[in-house]
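Given the structure is predicted, the values throughout are model-derived calculations rather than measurements. By convention in this document, chain letters (A, B, ...) are assigned in the order of the sequence lines, proteins followed by strands, and residues within each chain are numbered from 1.
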Amino acid sequence: MRHPIRTLAALACAGVLVAGCSGGTDNGADDPGTTADPGAGGEEITLVVATFNEFGYEDLFAEYEADNPGITVEHRKAATSNEARDNMNTRLAAGSGLADIEGIEVDWLPELMQYPDRFVDLASDEVEGRWFDWKTAAVTTDDGKLIGYGTDIGPEAVCYRADLFEAAGLPADRDEVAALLEGDWDTYFDVGRDFVASSDAAWFDSAGATWQGMANQLETPFENLDGTVIPLADNTEMKGIYDDIMAALDADLSAGNEQWSEDWTNGFQNDSFATMLCPGWMLGIIAGNAEGVEGWDIADVFPGGGGNWGGSYLTVPDQTEHPEEAKALAAWLTAPEQQIKAFEAKGTFPSQVDALSDPALTGFTHEFFNNAPAGQILANRAEAITVQPFKGPNYFAMAEIMTDALNRVDSAGTDDADSSWEKALVAFDALGLE
Amino acid sequence: MHRLTWQQRLSRFDVKASPYLYISPFFILFAVVGLFPLAYTAWVSMHEWHLIGGQGAFVGLQNFTDVLGQPRFTVALRNTFSIFLLSSVPQVIAAIVIAYALDTNLRARTFWRMGVLLPYVVAPVAVSLIFSKLFADESGMLNALLGAVGIDGIGWHSSAFASHVAISTMVNFRWTGYNTLIFLAAMQAIPRELYEAAIVDGAARWRTFFSITIPMLRPTIIFVVITSTIGGLQIFDEPRMYDTLGLGGPDRQWMTLTMYIYELGWGTQMNFGRAAAVSWLLFLIIVAIGLVNFAITRRIASSGTKGARK
């Protein structure tokens, strides 16, 4: 009678072992650049390109290989950007193991820009003026070194539920909504107050997401341009945004669902909220979460002007053995023609100025959003972006303090506006930045 | 005393040294993967040390005083112990009771015994994903059930205690069956004559359980309590996966010490020095709790087995 148990225990152990092994083997094939075949005059080169999520480059690699004999492109794709980020940080610290071309997210820049020496300078006349100035400025060091080529951006519009607007007596047509919301954040919140007065739904999804849109319009959200930190207690601009959002929470404008949480995802099906700030990459997420819900539309407007949320770059770490070839491939991949193909493949919105007038992009309509001309709207939203917020090395530590403070009031309800701000100040002191 | 020959000396050396040689692989391995990291972490904890930037200035015990002065350390300590107690205590009790039930003459015994191990095979991350759907504040199944019987939903992600209960549930789901099997194995090693003698003496079922089973299980209880203490104090996967941000909640309602280490070292601060300091504090706490544990469990039902086993 005891044998089956023993067998089972052995099986369980074996299962653990297998899991342990498979956890470790993904480091196996890491030897970028050294796989080049020295035969045939040493011309054969393998370039490893590491990306995450969907860069939309799969077909382009084959095209590049066909046009450039002797070059093989190997694609190493991480499932999530967090996974890619851990990998990047660990191997950057270790000094080996990175790919020849590493895709990075704009969010990683505050850290990586502290170590420009670990990357190849990508500046060249060929790519001069290819991207929006603010896109390039974020990856340019003070002495003019360019560490990344822009791939995509996240220009933000306002996505809204036309059916809920109509039920609440507001105009529902996308042009009328754009006119209605035209203005600053006060306008956005005021229309929201009108809306919630005659609807069961909330105005926006979460305080954190709204803060993200507002804070990205500040030139110096947390740090001065010289890199010194603005003490949170003295940061009147940030406190102003915090107070505005707290006032909106008091007026029940928020659905109170922490972004990306289970309740947030389900909120799309439960008519929890009527608007949300939507960068281009959010369209697919809304369409997925709100599957079967009719009424979503996009308005060509953003409170307070323009705003960008997210976007990525290609970098060439200096660990590579083929800096020139890697640079050439990165430049080719991020050229407008290729980026349009990536947009067609996976919907990544291009950061290249010329790409925005490409018919493939301007003619793009999104069926889920009532056939809204999403390509043209997002192109207009990209043109409206004027401010590139300065994000120094401590940006994310402080952004986390702010979103924690907002979520304490908005979703968790553990604090009121004042006590949550006090806790934020304590957390700021704990960073020990001064 | 006559001089030993070379062969004799070799054989004497063999007798004396070989046993140590045979057990040495474990200790050499332990020195490399256990002792060295421990010492190196202590070294890191006394420096400014950035995840990417590497070693900075020597700061002595500054990192320790920094983290000890932060309210988050206290919160993390509270959460860790709360989750640990909420999971380990019911878990060990439930495991003993289930093992006792499985030790009786059930039909299809093997099926039931295999069944209790099933949750253990599920990866902790998968468990967390499933339970996070059950425990969602507004759209979760549990709150829907509570609502159906007219009880207000519980803020599983806002109240600290409710979140600890939810996380402990995941831990218990996964580990109770595992501990049950260990207890079951130990129970089957208890000589049946003891029970027979007790029954002949007129002992009731519960009496044999408390006077024979529990005392005879003492070494196993010590083992399970110590391993679940070490595991419980290092709990990471379940609370980290409990929401999508993985920080332990906006007010750090369910941030454990290991999550705090991760937040300091790999989060926005990338401060390895502080992370190493908390790691060492956690190590000291585990050693202290382990000793207390040992002292307490040694006393469990000592009346029944004085000197019987060590």
Looking at A/Asp263 and B/Asp137, would you say the former's side chain and the latter's main chain have a donor-acceptor pair under 3.5 Å? yes
For atom OH of A/Tyr115, decide whether the heavy atoms of other residues, nucleotides or ligands shown that lie under 6.0 angstrom number more than 12. yes
Any non-hydrogen side-chain atom of A/Asn266 less than 4.5 Å from a side-chain atom of B/Glu138? no
Looking only at heavy atoms and a cut-off of under 4.5 Å, which of B/Arg274, B/His50, B/Arg72, B/Glu263 has the most pairs with chain A? B/Arg274
For A/Ala412 and B/His157 the tightest heavy-atom approach is CB-O, 4.3 Å
Counting heavy-atom pairs under 4.5 angstrom with chain B, the leader among A/Ala94, A/Ala427, A/Ala430 is A/Ala430
I'd like to check A/Asp404 versus B/Arg252 (side-chain heavy atoms, cut-off strictly below 4.5 Å). Are they in contact? yes
How about residues 392-399 of chain A versus chain B: which residues have heavy atoms under 4.5 Å apart? A/Phe396, A/Ala397
Among the listed options A/Thr414, A/Ile401, A/Val409, the residue most often paired with chain B at heavy-atom distances under 4.5 Å: A/Thr414
Going by heavy atoms in the side chains, are B/Pro71 and A/Val426 under 4.5 Å from each other? yes
Hey, does B/Ser158 have a side-chain heavy atom less than 4.5 Å from the side chain of A/Arg408? no
Indicate yes or no for a side-chain donor-acceptor contact from A/Glu262 to the backbone of B/Lys133 under 3.5 Å, with no hydrogens or angles considered. no
So, do A/Glu400 and B/Leu245 sit near enough that their side-chain heavy atoms are less than 4.5 Å apart? no
Atom CZ of residue position B/Phe111 - does it have more than 12 heavy atoms of other residues, nucleotides or ligands inside 6.0 Å? no
For B/Thr268, which atoms come within 4.5 Å of any heavy atom of chain A: side chain, backbone, both, or neither? both
Counting heavy-atom pairs under 4.5 Å with chain B, which one of A/Gln269, A/Glu111, A/Gln114 comes out on top? A/Glu111
Identify the two heavy atoms, one from B/Tyr262 and one from A/Asp86, that lie closest to each other, and give their separation to 0.1 Å. OH-OD2, 3.7 Å
Crowding at OH, B/Tyr100 (>12 non-hydrogen neighbours, <6.0 Å): yes
Which atoms of B/Leu264 approach chain A - backbone, side chain, both or neither, heavy atom under 4.5 Å: neither
